[in-house]
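Data first, discussion second: the structure below is written as structure tokens.
Sequence positions, counted from 1, serve as the residue numbers for this chain.
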Amino acid sequence: MGKWRISPSQRIALGYVAICLLGAFLLLLPFSRKTPLSVVDAVFTSASALFVTGLSSVNTLHTFTPVGDVIIVALVQIGGIGVTFLSTSFYLLIGRKISLEERRVLAEERNTPTVGIVRLFRRVVFFSFSIESAGIVLFTLYLHLRYSYTWAKALGVASFHSISAFNNAGFDIWGNSMESFTRDPFMLLLTAALVITGGLGFVVLVELARYPRQRRLSLHARIVLGMSGLLLVIGTLLIVAFEWNASMKGLSPGYKLLNAFFTSAIARTAGFDSIPISNMQEVTWLILILLMFIGASPGSTGGGIKTTSFFLIIKTVMASIRGRTQIVSGHRQIPWDLSQRALLITLLSSAVVLVCTLIDAVFEPNIPIIKIIFEEVSAYGTVGLTTGITGLVRPEMKWVLILTMYIGRIGIFTFLVSLVHKSQSRVQYVQERIFIG
């Protein structure tokens, strides 16, 4: 019998579970919490932080001490960069060479080729800390000067918020997300900028940093930037149209547009809200569900099926309708196997959301199904927006949401591959066509 080995997918899957449980254990300790905390809420909070989701079954402000806040933001940081960050950073610090197997794990988690993965990892760390530090400085100065926070409090709040925003986590330290800043353009726009930047993907950030010298972007970067901008604009217009005289009724036109833009940016993968989602119309919930399901871009701190997958599905449908045998974008041909992968990701993701929604409906028959769907898509897309039911549901539904966040963070393929043993068959079968459509 051959020696049993843990695959890269299994190492990633088990790594997230181990760190999640460790985080839950630390949050249960007396110095981490102000009030009693159940095991399910501790695991839920740890999972939501590590999987950079932002759903909260308890009020962060009233439940956790400053030590607990540090644990949460540390989990967010680890989840944003990836669990392989810990071992790789340690090896780089002591000068140890990164093995081929470890490079495969890094590449698997970042969804990038193995070649140059260590160099990319260094850039991921550099960009993360640089952008987060810039956000911390700006937030600290603004909170001190505008809201008279002490320097110590301003620095603490700014650090928590900047890391949470860039890593698309959506955890807040104010107790009501960002609803106190509905009429504060600086706070909303800077938060949105951090969220959007974190959601582009580190490969795209590297290309943007090189652009002044090279004056060119890859097809991947152009698709990511184009789709991100398009979804942001469409989301803003739809939200402001449906909520103009609804949840935003008391705001001036300028603030309505500002909050619609913020909601559209946040809905793609970070769970802050400046207007309570529970006050919005159901048609707007449907728009947010679609934005959350699409999510951010590959190799980013966000979740969802990814902007490139959504783009490929659209291009594949258009090519099929027109009877074309090639998928072309930007004078480049995109392989059909990528479109098949995008379609498979979308179908499997839809299946996860559907199955988990049905299970939730059994546990919570009195909650409207639209709210359960919203919660599940938010969990799978690691977004964190909620209609207000997260802290009210039964423990059974919380465990289902934890599983949904877990699958959404590590990716549906990584999750499924970690459960099965790969095997190749050399048998070739005779083809036979069937009727479809």
Side-chain angles (χ1 to χ4, degrees), residues 7-13 16 51 104-105 107-114 199 201 203 219-220 223-224 227-228 231 268-269 289-300 302-322 324-329 332-359 373 376-383 403-425 427-429 431-437:
S7 68
S9 296
Q10 290 170 332
R11 289 181 62 178
I12 294 170
Y16 273 101
F51 307 150
R104 288 175 180 168
V105 177
E108 178 89 15
E109 185 172 18
R110 291 252 69 91
N111 195 23
T112 56
T114 306
V203 173
L219 176 62
H220 170 79
I223 291 174
V224 166
M227 287 302 298
S228 298
L231 291 170
R268 295 267 310 291
T269 188
I289 285 172
L290 177 59
L291 292 175
M292 292 190 296
F293 188 72
I294 296 172
S297 300
S300 71
I305 63 171
K306 304 296 188 294
T307 53
T308 48
S309 295
F310 185 65
F311 172 83
L312 266 181
I313 290 173
I314 295 175
K315 295 293 289 187
T316 302
V317 170
M318 293 175 62
S320 298
I321 292 175
R322 294 173 180 175
R324 295 179 177 177
T325 58
Q326 295 180 340
I327 303 174
V328 179
S329 179
R332 295 290 188 274
Q333 179 182 342
I334 302 175
W336 274 98
D337 66 298
L338 290 181
S339 70
Q340 293 172 349
R341 184 181 177 92
L343 180 60
L344 188 56
I345 288 174
T346 303
L347 290 175
L348 291 173
S349 299
S350 301
V352 170
V353 172
L354 175 61
V355 171
C356 291
T357 298
L358 292 175
I359 296 173
I373 294 174
E376 280 295 340
V377 174
S378 180
Y380 185 80
T382 67
V383 181
L403 177 61
T404 308
M405 290 188 286
Y406 175 63
I407 298 174
R409 182 64 187 100
I410 68 174
I412 184 63
F413 273 150
T414 300
F415 175 73
L416 293 177
V417 171
S418 68
L419 297 178
V420 299
H421 175 70
K422 286 186 177 180
S423 62
Q424 292 184 343
S425 174
V427 178
Q428 296 292 323
Y429 296 94
Q431 288 187 355
E432 183 173 348
R433 299 181 68 85
I434 63 174
F435 298 102
I436 60 174

Please report the interatomic distance [atom1]([X]) to [atom2]([Y]), rounded to the nearest 0.5 Å.
{"X": "Leu231", "Y": "Ile294", "atom1": "CG", "atom2": "CD1", "result": "5.0 Å"}
{"X": "Leu348", "Y": "Leu343", "atom1": "CG", "atom2": "CG", "result": "9.0 Å"}
{"X": "Thr404", "Y": "Glu376", "atom1": "OG1", "atom2": "CD", "result": "3.5 Å"}
{"X": "Ile223", "Y": "Arg332", "atom1": "CD1", "atom2": "CZ", "result": "11.5 Å"}
{"X": "Met405", "Y": "Leu403", "atom1": "CE", "atom2": "CG", "result": "9.5 Å"}

>> I'd like to know whether Ser339 forms a side-chain contact (heavy atoms from CB on, under 4.5 Å) with Ile334, so could you lay out the CA-CA distance, the side-chain angles of the two residues, the decisive distance to 0.1 Å, and finally the verdict.
In response: CA-CA 8 Å; Ser339 70; Ile334 302 175; over 6 Å; no
Measure across [X] and [Y] and return the closest heavy-atom pair with its distance rounded to 0.1 Å.
{"X": "Ala296", "Y": "Gly199", "answer": "CB-O, 3.4 Å"}
{"X": "Asp337", "Y": "Pro335", "answer": "OD1-CB, 2.9 Å"}
{"X": "Gly302", "Y": "Thr382", "answer": "C-OG1, 3.9 Å"}
{"X": "Arg268", "Y": "Gly295", "answer": "NE-O, 2.7 Å"}
{"X": "Ser349", "Y": "Ile412", "answer": "OG-CG2, 4.3 Å"}
{"X": "Gly303", "Y": "Thr269", "answer": "N-OG1, 3.1 Å"}

> Parallel under 30°, tilted from 30 to 60°, perpendicular over 60°: which one fits the rings of Tyr406 and Phe51?
Replying inline: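 The arrangement is tilted - the two ring planes meet at 30° to 60°.
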> Hey, does the side chain of Trp336 reach the backbone of Thr316 with a donor-acceptor pair shorter than 3.5 angstrom?
Replying inline: no
I'd like a table of donor-acceptor pairs (distance under 3.5 Å, sequence neighbours excluded) in which one partner is a side-chain atom from residues 304-312, with atom names and distances.
residue, atom, partner, partner atom, Å
Lys306, NZ, Gly304, O, 3.2
Thr307, OG1, Ser297, OG, 2.8
Ser309, OG, Ile305, O, 2.9

